[in-house]
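Quantities reported herein were computed from a predicted structural model and do not represent experimental measurements. A note on names: the letters A, B, ... follow the listed sequences, proteins ahead of strands, and every chain is numbered from 1.
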Amino acid sequence: MASTLCTKRDGNRGAWTAEEDQKLARVIEIQGPKRWKIVAAKAGLNRCGKSCRLRWMNYLRPNIKRGNISDQEEDLILRLHKLLGNRWSLIAGRLPGRTDNEIKNYWNSRLSKKIKRKEKQNKILRVQIDHHRNNGMGMGNILNRWEEGTSKGYENSKASFNGDYFFNSSREEGPSDQEWMSKFLEMDASWFKILHDT
DNA sequence: AATTTGCCCAACCGCAGACTC
DNA sequence: GGAGTCTGCGGTTGGGCAAAT
């Protein structure tokens, strides 16, 4: 299956200018965000359709939020990534105004490092727990609980996860953002608590 | 002051599923 | 039904900038 070519031969590359943005926005206003090859041609831009689509989706689209990802948003990204992995478009779909590209960048530049640090801390903590246990220091139930929680939290959350409900591809047929958020939050917070508390 | 390093983010690339003819 | 095209996705790259040396 051949993909739409979008190569150096297709012309202009690199950062978009304000003038290009205006031209693109004007055409999309008239014919809507579809048939990107035609949009690119009509806008008179030396860009391929794919490039135009990306610019629209990540920058020009109305209601785009840019920068300043809040703590709540970060929490949600962490939770969703734990459940879904690198399915950025699904994650972005549950963060109004955020794009998959922005979330992916945010993850790669900040959160992945944050998680690595947490994992490192957990490793150290685990070694300390083993040490205490082996020396009969009786840290008791608390430590055992912590350990159980760490190892089982994620599996539990997966087991109770209803993918059809949460990620119906049609947003119209799926739950509203508010419903979705409250269901999601009540679903299972255990692994997330572990991530933050340890 | 000049250079290096690291971070952030916009944009590009290749792939694959969906769609059209 | 099959070939060609369009669209959307996730991974990667590279330029700009600020901080560190």
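Rounding to whole angstrom units, CD1 of residue I103(A) and P of dG11(C) are separated by 14 Å. Atom CH2 in W107(A) sits about 18 Å away from atom C1' in dC9(B), given to the nearest Å. Between the CZ atom of R87(A) and the C1' atom of dC9(C) there is a distance of 11 Å, given to the nearest Å. Taking atom CE of residue M57(A) and atom P of nucleotide dA11(B), one finds them 15 Å apart after rounding to whole Å. Put simply, CG on L111(A) is 10 Å from P on dC8(B), counting in whole angstrom units. Here the C1' atom of nucleotide dC12(B) and the CG atom of N105(A) are 12 Å apart, to the nearest Å. dA11(B) atom P lies 14 Å from atom CH2 of W36(A), rounded to whole Å. Distance R35(A) CZ to dG8(C) C1': 16 Å, rounded to the nearest Å.
When the nucleotides dG14(B), dA11(B), dC9(B) are ranked by their closest atom to the side chain of A15(A), dA11(B) comes out on top. When the nucleotides dA11(B), dG10(C), dC9(C) are ranked by their closest atom to the side chain of N86(A), dG10(C) comes out on top. In the set dC9(C), dA11(B), dT7(C), the nucleotide with an atom closest to the side chain of N101(A) is dA11(B). With distances taken from any side-chain atom of L54(A) to the nucleotides dC6(C), dC12(B), dG14(B), the minimum falls on dC12(B). The K37(A) side chain lies nearest to dC6(C) when the options are dA11(B), dT7(C), dC6(C).
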- [ ] Apply side chain to side chain contact (heavy atoms under 4.5 Å, CB included) to T99(A) and M57(A), showing your working.
- [x] CA-CA 7 Å; T99(A) 69; M57(A) 298 299 283; over 6 Å; no
Open item on the list: Go through it in stages, so that I can follow the logic: the residues are E73(A) and K65(A), the test is side chain to side chain contact (heavy atoms under 4.5 Å, CB included), and I'd like the CA-CA distance, side-chain angles, deciding distance and then a yes or no.
Closed with: CA-CA 12 Å; E73(A) 285 176 312; K65(A) 266 194 229 166; 3.2 Å; yes
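Here L54(A) contributes atom CG and L60(A) contributes atom CG; the two are 10.5 Å apart, rounded to the nearest 0.5 Å. The line from SG of C48(A) to CH2 of W36(A) is 11.5 Å long, rounded to the nearest 0.5 Å. In this structure, D100(A) CG and L90(A) CG are separated by 10.0 Å, a value rounded to the nearest 0.5 Å. Note that CZ of R55(A) is 11.0 Å distant from CG of L45(A), once rounded to the nearest 0.5 Å.
Ring-plane geometry between W107(A) and W88(A) is classed as tilted, the angle between the planes lying from 30 to 60 degrees on a 0 to 90 degree scale.
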Distances under 3.5 Å between nitrogen or oxygen atoms of protein and nucleotides 15-18 of chain C:
none

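A sub-4.0 Å separation between OP1 or OP2 of dC9(C) and a side-chain N or O of S89(A) is present. Put simply, R55(A) has no side-chain N or O that comes within less than 4.0 Å of OP1 or OP2 on dC12(B). Phosphate contact (OP1/OP2 of dC9(B), side-chain N/O of R66(A), threshold under 4.0 Å): absent. Between R110(A) and the phosphate of dC9(B), there is a side-chain N or O to OP1/OP2 separation shorter than 4.0 Å. Residue K104(A) has no polar side-chain atom (N or O) positioned under 4.0 Å from OP1 or OP2 of dG10(C). Phosphate contact (OP1/OP2 of dG11(C), side-chain N/O of W88(A), threshold under 4.0 Å): present.
Here the closest heavy-atom approach between residue S51(A) and residue R47(A) is recorded as OG-CD, 3.8 Å.
With hydrogens and angles ignored, no donor-acceptor pair closer than 3.5 Å exists between the side chain of N58(A) and the base of dA11(B).
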